Structures are given as structure tokens and as C-alpha cells.
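Notes follow the structure.
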Amino acid sequence: MSPRSGSPPASPTKTGLGQEELRRNNLSALLTRVHVHGAISRAALTRDLGLNRSTIGGLATTLGELGLVDERHPSGTRASGRPSLVLEPRRDNVAVGIDIGVDRIVTALVALGGDVLQRRQRLHARGEHDVEHVIESTAQMVDELLAAQPGVRCLGVGVSVPGAVRNSDGLVRFAPNLGWVDQPFAELFSRRVGLPVFTGNDADLGVLSEHLRGAAVGYADVAYLNGSVGIGGGFLVGGVPLSGARGYAGEVGHLLVDGQVGERCRCGNIGCWETKVGENHLLVNAGRLPGGGPEGVADVIAAAAMGELRASAALDEVGYWVGVGLRAVINVFDPEIIVLGGSMAAVWEARREIVDTTIDRWTLMTPRRDVVIRPSAFGFDSPWRGAAELVFAPLLADPARVLARTEGVLPA
């Protein structure tokens, strides 16, 4: 079920569900509503979920006993009669969200309900991309997060990786900008931190977070493009993630946009989209050293605004190639909205006219005016926010069973 679907649960006689399964589904629907929307009254839940008051009361009591929600009287209530109790998520249920980037690692502690309790960042140095080093460095950051927040119940760790991640077991099949091939990252990292680990592609997780709480709320057909050193794409089609047979869909950075000239991509091809719009391409063409990251891109944009000709020409060129790639995305996926993350958002905002003109020049059925394009609501933080949601997903689907497994009552 989509995190934002709010269809009232049907009765067991209509669906053939047993009482236990129906109760599990209702617990899931209620907890999901509280997680996504925050504090909400029993009366509103009765209306939104199509359940009677006594059923909502019983479900709320169960979730309270599981330590997942608190109930309180609404503040400032002056109306006559007994006010409806308000449910809110317990912030001591947490997930760790991690984004492993090419130039930095970000870790964050995210509470049930989506509040960010802590966020930490550590830069990579050259030669620190080997899996063993990344695992140890990231694990130390996780240890520091949890040590600084005593008394929480950590449900697991979600990790965003800039590469192709296999759905079935979290194996990183190919992450060219990290130099990883066939790395069983989820298994290795879980062994190190002693917690369940969920791993996904950075753009797939970015579109999840933007759809749940960010720039794509309310849209069903979404393209999220995360641009830094490489370019990743995450897609929703009819509200459902497009992952492919094994989880490798969305590698739009390796769309062939120029087969004639250009640098060789780390995938081995020439003319990949990410070689035309990546941060380092912009920096080098603007006369800067590669590896400057988002700060270097911001410097080029500022210099172009001040009239520096080389910076302006480099930005114009990258803006053109951003438009070329977005045109291909529109033609293939026909999205309602494109959300731009990472440095691609900054380039688009600086050269919007060039991007729009290029898109309109060769699109097939969908003109530029029919597609919403906007920057990410979370900037560079969308992937780790989505990674945290990977951890919460099993809990939202079956609260009682997941907590029993977490606390050792049930086998994994």
C-alpha cells in the first residue's frame, strides 16, 4: 500500500480476511497515518479510515502498549463534551538513515513520524572508497549517533548507495563512482553494527522521500533525478516504484546522449549523460579543479552571475545537456513532475531558460509546459531520508510482528 493511500479497510465478509489479518491491516493503516501525517485525533482517524470509534480506540490502545504512539488530550479545547484524544508518534522509535556519497558520508537519526533528531557528516578523503574502510567509518558514525541519544529503540539502519543495488539481498552490483562491484554491503554492514540493514539506490530512495513528505507529495507519476558526480534516477509509475526485475532500473546517468565526442564514463562507454552534466565536468570546464563537490558548483554559479565568461560558458553548456537528458526522461517516462536533487537542481535554477528551450525543441508528445519541474524539498538530504523510510516500512506493515522480532520474541 502506498504511504499516502487512505482507502478505508473493507470488512472481513467482503474480503475474506480473517479477524487477525484484518486487525493487522487496521493497525498498519492507523500507524501509517500517524507516521506520515503526525498528531491526529481519534475522531479524524474514525472518519479517514472508515472504522468505528471502538475499533479505533482498541487499535490505539494496542499501539500504545507496543510503545509506538502516545495519546493526549488536545490542547486549547474549550468545546463542551469530552474531546477526542490525539495520537502522536513516539519519538523514541528511531531509524538510522545513511547516504554514502562519492565525497561524503551523511548519517542521521530519524524518529517515527519523520522528525530528524540528529544529523552528522564526514568527508571522504582520496582512496577511502574501499568497502572495508567505508563500512568501518560509517559504523563509527552510527555508534556516535546512538550513543548521543540514549534510551531510543533503534529499528535498523537504511543505507543509500550511488549504484545498482539488488532488491533481494542488498548486494551492490555496480557503483562505478565508488569503485564497487558485487559487494554484499548490507550483509557486511549488518554484521558490523549488529542491526538490521536495508540498502537501496540513492535516487530510488530520493523519490520515496520526496513523494512521502517533499516536493512530489500528491503526484503519482514522478521522476527524481539526483545529480552530483554521477546521475541517478528514481521513478514512480502510478504511485508504484519502478525498480525492474532485480532492482537496477533508473540508471539514467548512462543514457547515451552524445556518441561522437566526450570523455569515457566509468561504466566504459563514451557519451553518457553524467559525463556531460556531472559536477566535475562543470568544474573543469569552468577552470576549476575536479572534486570541489556542491561547494565548487556553487562557486561556479556565483562567478557566472558576476560575469566571469569561462564560468558562464561552462554553465551554459551543462544547462544544454541537462535539457537533453530531461527531454529523454520525459519522452520515455511521461512524468507529471520531475524533482531535481543534488547539484543538478542548482544548475537548473541558474540556467532554467536554456534547459526549458532544449526540452521543448525535441520532445515528442509532452511539451515542457505540461511537466512540473522543481527542486528537491530536501536538497542533498533526500536519499538518507528515504533510507530511513526503508527501515520503517516493515514496522508500518505489521507493527506487532516487527517489534516482537526486534525484541527477540520471534525468529528473524
Side-chain angles (χ1 to χ4, degrees), residues 100-104 124-131 133-134 160-166 171-183 185 201-204 225-234 244 246-297 299-300 310-311 313-329 331-332 340-344 346-348 351 354-355 358 362 383:
I100 297 177
V102 175
D103 61 348
R104 67 198 69 202
H124 282 302
R126 290 184 180 272
E128 294 184 348
H129 287 152
D130 60 283
V131 175
H133 189 282
V134 169
S160 159
V161 176
V165 179
R166 191 163 65 193
L171 178 135
V172 179
R173 178 69 186 85
F174 185 46
N177 292 311
L178 296 177
W180 294 3
V181 177
D182 289 334
Q183 295 292 341
F185 179 83
N201 169 266
D202 56 352
D204 290 341
L225 303 173
N226 187 32
S228 55
V229 175
I231 306 297
R246 289 163 294 277
Y248 304 150
E251 290 295 327
V252 294
H254 301 286
L255 286 171
L256 185 65
V257 295
D258 184 2
Q260 303 302 314
V261 295
E263 63 185 278
R264 187 171 296 277
C265 180
R266 295 195 187 193
C267 74
N269 210 343
I270 292 177
C272 288
W273 188 28
E274 68 180 44
T275 67
K276 298 291 188 178
V277 300
E279 289 173 350
N280 288 337
H281 180 78
L282 174 64
L283 294 173
V284 171
N285 282 8
R288 274 71 171 173
L289 292 174
E295 296 81 8
V297 172
D299 174 69
V300 171
R310 186 169 181 181
L315 202 54
D316 288 350
E317 185 216 356
V318 171
Y320 167 78
W321 286 111
V322 167
V324 169
L326 291 183
R327 181 186 69 216
V329 168
N331 285 339
V332 173
L340 301 178
S343 293
M344 186 179 285
V347 171
W348 171 72
R351 288 296 184 268
I354 291 175
V355 174
T358 307
W362 295 293

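The chain is numbered in sequence order, starting from 1. Note that this is a predicted model, so its numbers are computed, not measured.
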Minimal heavy-atom distance between Asn226 and Gly341, with the atoms involved, is OD1-C, 3.7 Å

Using atom types as modelled, flag every donor-acceptor pair under 3.5 Å from a side chain in residues 278-293 to any protein atom, sequence neighbours excluded.
unit_1 : atom_1 : unit_2 : atom_2 : d
Glu279 : OE2    : Ser343 : OG     : 2.6
Asn280 : OD1    : Gly291 : N      : 2.8
His281 : ND1    : Thr275 : O      : 3.2
His281 : NE2    : Asn285 : ND2    : 3.3
His281 : NE2    : Glu317 : OE1    : 3.4
His281 : NE2    : Glu317 : OE2    : 3.3
Asn285 : ND2    : Glu317 : OE1    : 2.8
Arg288 : NE     : Asp299 : OD2    : 3.2
Arg288 : NH1    : Ala286 : O      : 2.7
Arg288 : NH1    : Glu308 : OE2    : 2.6
Arg288 : NH2    : Asp299 : OD2    : 3.3
Arg288 : NH2    : Glu308 : OE1    : 3.2

With sequence neighbours excluded, tell me which residues meet side chain to side chain donor-acceptor pair (under 3.5 Å) with Arg173. Asp182

Can you measure from CG (Leu256) to CH2 (Trp273) and round to the nearest 0.5 angstrom? 13.5 Å

Do Leu326 and Leu340 make a side-chain contact, defined as non-hydrogen atoms from C-beta onward lying under 4.5 Å apart? yes

Between Trp348 and Val355 the two heavy atoms that sit nearest each other are CD1-CG1, 3.8 Å

Which heavy atom in Ala203 sits nearest to a heavy atom in Gly232, and how many Å separate them? CB-C, 3.5 Å

When rounded to the nearest 0.5 Å, the distance separating CH2 of Trp321 from CZ of Arg327 is 8.5 Å

Interatomic spacing from OH in Tyr320 to CD1 in Ile354 - rounded to 0.5 Å: 11.5 Å

List the atom of Gly244, the atom of Ala249, and the distance in Å for their closest heavy-atom pair. N-CB, 3.7 Å

Give the minimum heavy-atom separation between Pro176 and His254, together with the two atoms involved. CG-NE2, 4.4 Å

Say you draw a straight line from CG of Leu225 to CD of Glu274; how long is it, rounded to the nearest 0.5 Å? 12.0 Å

Begin from the C-alpha positions of Val131 and Val172 and carry the test side-chain contact (heavy atoms from CB on, under 4.5 Å) through to its verdict. CA-CA 11 Å; Val131 175; Val172 179; over 6 Å; no

Measuring only between side-chain heavy atoms, which start at C-beta, is Asp258 closer than 4.5 Å to Lys276? yes

I need the minimum non-hydrogen distance between Val165 and Asn201, along with the two atoms involved. CG2-N, 3.8 Å

By side-chain contact (heavy atoms from CB on, under 4.5 Å), which residues pair with Val102, not counting sequence neighbours? His129, Asn177, Val229

Do Arg104 and Ser228 have side-chain heavy atoms sitting under 4.5 Å apart? no

